Amino acid sequence: MSKRVRVRFAPSPTGGLHLGGVRTVLYNYLFAKKHGGEFIVRIEDTDQSRYIPGAEEYIFDTLKWCGLEPDESVQHGGNYGPYRQSERKESYRKYAEQLVKDGHAYYAFDTPEELEKMRHDYKTEQNPSPQYDHSIRMNMRNSLTLSPEESQQLLAAGTRYVIRIKMPEHETVSFTDMIRGEVHFETSLVDDKVLLKADGMPTYHLAVVADDYLMKISHAFRGEEWLPSAPVHILLWKYLFGLENMPQWAHLPLILGPNGKLSKRDAAKYGFPVFAMNWKDPNTGELTEGFKEKGFLPEAFINYLALLGWNDGTDQEMFSKEELVERFSMERVHSAGAKFDYEKAKWFNHEWIKKSEAGSLKSEVRNLLPGKGITDISDALLGKVIGLVKDRCTLLTDFYDQSWFFFKAPETWDLDAVKSKWNEDKKNFFLAYVEKLQSLIEWNAVALENIFKELASEKNIKPGELQLPFRIMLVGGKFGPPVFSIAEALGCDETTKRINAAIKIF
RNA sequence: GGCCCGUUCGUCUAAGGGCUAGGACACCACCCUUUCACGGUGGUGAUACGAGUUCGAAUCUCGUACGGGCUACCA
């Protein structure tokens, strides 16, 4: 009885993929996997004037980074292709013509100038943006106002035209949104949207309906900004394929920025990225930062996005992708928009970094080091260092600031922290400590601490008063993980070297 | 302007008629730690407003206010 679950994400390849888009992908993916269905990516490239080279590859790269791979797409293949709308161009015209034949649509010959004039002429204070609708269409140049012969002639003469839907005058269109419940629209208040453009390409309105039908989409999820045009799509389903075949709709709440809808324009102002990954506009060369490059783990990014508009009803906040698949349900998706909270996003990232095994972070961190002038680090050392500092890294990019001293000796020291309490006794202690280090058999933090304390009590100095100077010797300041762990990672030669160097300065 | 959607701590949210409205982020305090984090304990802080239904309303209904989205031959 119930159809096989097939959902689709249908981005237009015009730039970077932003937060809201990724969350739409996520909910699609989770829903599909949860129900053992297919997740399809269809490229909505019907606007040839907005073609941006590289944008399509970017989308797939992003999905890969997020771990949300489609089952069917331009790159993944499938039995319902082509998955790029520009390649399905021919299939749309026949639906548009069919609608004209059935009286649900008409040819419109108005030029851009005429449309502009209409908007200008009908514009009043009461109606600041006049629509091409039932109240106006009879004053325009279309196959409704022209005689059939005149229309035929214009068509035969190759006049540019579009096909517009003829919205019925007094009907109420309703549908059940999975998130919002019953939604009603008065058809006379909706405009005659263009279905087929003058260049022969369909608009989104026609394409989304035709392709969802052809690709056997069972559930259609998209952002709330599409809700106002839903009646057009419902009507097209009714006219073309039958309401009984229509997918179930869910209009997802918007993800808001500090002031309204997220925009890449304002990204710089927000102080946080809006795109999943870096996006460089090939035309302007402008680079917009992404979460990946900012230092986010995809697990954390996805985890936070999932919680922006959904929760499983418990207090749990940390979810792996697998857990999300298991717990997700459209019924628990909110209807209200959610403001993106960068602080919370960072908290999730921090939690995921803490939770990750040092080993699994190695390659990410290793990629960051050459940029900081650090090369030739052994895998063993890197793993050890990550283990020591990951608790204090909120972003992957924090690793350098938290661990550089493992890879190069300090060049300045926080002398204020030692000078006042520095004396000959302490100097002698460290000289003696260096001695002892040379013959230490097992070089590890526990042994280092033990002989440190033994020696301190021999010399009648409180170990606590020696630890801070020791730390400053090794790293230059009051920061870093436990000091004996640092020494352990540094090794005997380097530790000795740093102590000796510092003694001369103190 | 019109249409549509929405409204619980600053933010994300729980509580689908019945408890002192719970949790998380952020913030503050204390504890742990002779670095800093991590961790632990506690605290400040919300049902937009007004009616109605009901023994009882954050929860149901209506109105008001506020917020958001849409209003292209863009998606």
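Chain naming here is simple, since letters A, B, ... match the order of the sequence lines and numbering starts at 1 in each. Because the structure is predicted, anything quoted here is derived from the model rather than measured.
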Using atom CZ of A:Phe319 as one end and atom C1' of B:rC12 as the other, report the distance to the nearest whole Å.
13 Å
Counting primed atoms, P, OP1 and OP2 as sugar-phosphate and everything else as base, the B/S/- map of nucleotides 68-75 of chain B against protein heavy atoms under 4.0 Å is SBSB-BBB
Check the angle between the aromatic planes of A:Phe340 and A:Tyr304 and answer parallel, tilted or perpendicular using the 30° and 60° thresholds.
perpendicular
Between B:rA24 (C1') and A:Lys346 (NZ): distance, integer Å
17 Å
Atom-to-atom span, CD1 of A:Ile255 to C1' of B:rG6 - whole angstrom
16 Å
Choose from B:rG1, B:rA14, B:rU11 the nucleotide whose nearest atom is closest to any side-chain atom of A:Asn127.
B:rG1
Separation of B:rA24 atom P from A:Asp315 atom CG, nearest Å, is 7 Å
Hey, could you give me the OG1/CD distance between A:Thr314 and A:Glu317, rounded to the nearest 0.5 Å?
9.0 Å
Of all the nucleotides listed (B:rC5, B:rU35, B:rU34), which has the minimum atom distance to the side chain of A:Pro482?
B:rU35
Using Watson-Crick or G-U wobble geometry with both distances below 3.5 Å, tell me the partner of B:rC30, or none.
B:rG40
Separation of atom CD1 in A:Ile472 from atom C1' in B:rU34, rounded to whole Å:
12 Å
Spacing of the P atoms in B:rC60 and B:rA14 (rounded, Å):
13 Å
Tell me what A:His251 touches on the nucleic acid: a base, only sugar-phosphate, or nothing, going by heavy atoms under 4.0 Å.
nothing
Fit a plane to each ring of A:Tyr58 and A:Trp279, take the angle between them on a 0 to 90° scale, and name the class: parallel (under 30°), tilted (30 to 60°) or perpendicular (over 60°).
perpendicular
Taking a pair as Watson-Crick or G-U wobble with both distances under 3.5 Å, which nucleotide is matched to B:rA15?
none
Please name the nucleotide paired to B:rU20 by Watson-Crick or G-U wobble geometry with both distances under 3.5 Å, or report none.
none
Specify the residue among A:Arg180 and A:Tyr304 whose closest nucleotide of RNA chain B lies further upstream toward the 5′ end.
A:Arg180
Re B:rU54: Watson-Crick or G-U wobble partner, both distances kept under 3.5 Å, found to be none
If you pin A:Glu125 and A:Glu343 to their nearest nucleotides in RNA chain B, which one's is more 5'?
A:Glu125
ring-ring contact (aromatic ring centres under 6.0 Å, His included) assessment of A:Phe272 paired with A:Phe291:
CA-CA 8 Å; A:Phe272 60 81; A:Phe291 279 88; 7.1 Å; no
Taking the C1' atom of each, how far is B:rG22 from B:rC5, in whole Å?
28 Å
If we take the C1' atom in both B:rU64 and B:rG10, what is their distance in whole Å?
25 Å
Which nucleotide, if any, forms a Watson-Crick or G-U wobble pair with B:rG6, using both distances under 3.5 Å?
B:rC66
Given 3.5 Å as the limit, does a donor-acceptor pair link the side chain of A:Arg160 with the main chain of A:Phe109, or not?
no
Please give, in whole Å, the distance from B:rC38 P to A:His350 NE2?
6 Å
When you compare B:rG16 with B:rG1, how far apart are their C1' atoms, in angstrom units rounded to a whole number?
37 Å
Are A:Phe301 and A:Glu299 side-chain neighbours, meaning at least one heavy-atom pair lies under 4.5 Å?
no
Between B:rU47 and B:rU20, how far apart are the two C1' atoms, rounded to whole Å?
15 Å
How about A:Asp110 and A:Tyr132: does a side-chain donor come under 3.5 Å of a side-chain acceptor?
yes
How would you label the contact of A:Pro463 with the nucleic acid (heavy atoms, under 4.0 Å): base, sugar-phosphate, or nothing?
nothing
In whole angstrom, give me the gap between the P atoms of B:rU11 and B:rA46.
12 Å
Are there more than 12 heavy atoms of other residues, nucleotides or ligands under 6.0 Å from atom CD of A:Glu116?
no
Answer yes if the side chains of A:His184 and A:Ser174 hold a donor-acceptor pair under 3.5 Å, and no otherwise.
yes
Is A:Arg84 salt-bridged to A:Glu44, cutoff N-O under 4.0 Å?
no
With sugar-phosphate taken as primed atoms, P, OP1 and OP2 and all else as base, the protein-contact string of nucleotides 39-47 of chain B at under 4.0 Å (heavy atoms; B, S, -) is S--------
How many whole angstroms separate atom CG of A:Leu307 from atom C1' of B:rA14?
12 Å
Given the C1' atoms of B:rA48 and B:rC30, what is the spacing between them in whole Å?
36 Å
Just call it for A:Gly309: base, sugar-phosphate, or nothing, with non-hydrogen atoms closer than 4.0 Å on any strand.
sugar-phosphate
Which word best sums up how the rings of A:Trp422 and A:Phe506 line up, parallel for under 30°, tilted for 30 to 60°, or perpendicular for over 60°?
perpendicular
Would you mind classifying the nucleic acid contact of A:Val183 as base, sugar-phosphate or nothing, using non-hydrogen atoms under 4.0 angstrom?
sugar-phosphate
For B:rG1, the nucleotide meeting Watson-Crick or G-U wobble distances (both under 3.5 Å) is B:rU71
Given that both distances must come in under 3.5 Å, which nucleotide forms a Watson-Crick or G-U wobble pair with B:rU47?
none
Taking atom P in both B:rU71 and B:rG52, compute the distance separating them and give it to the nearest angstrom.
41 Å
Taking the side chain of A:Phe185 as its heavy atoms from C-beta onward, which of B:rC4, B:rG10, B:rU35 lies nearest to it?
B:rC4
OP1 or OP2 of B:rA14 under 4.0 Å from side-chain N/O of A:His334
yes
Can you name the residues that form a side chain to side chain contact (heavy atoms under 4.5 Å, CB included) with A:Pro463, not counting sequence neighbours?
A:Lys453, A:Ala456
B:rG10 C1' sits how many Å from A:Phe340 CZ, rounded?
16 Å
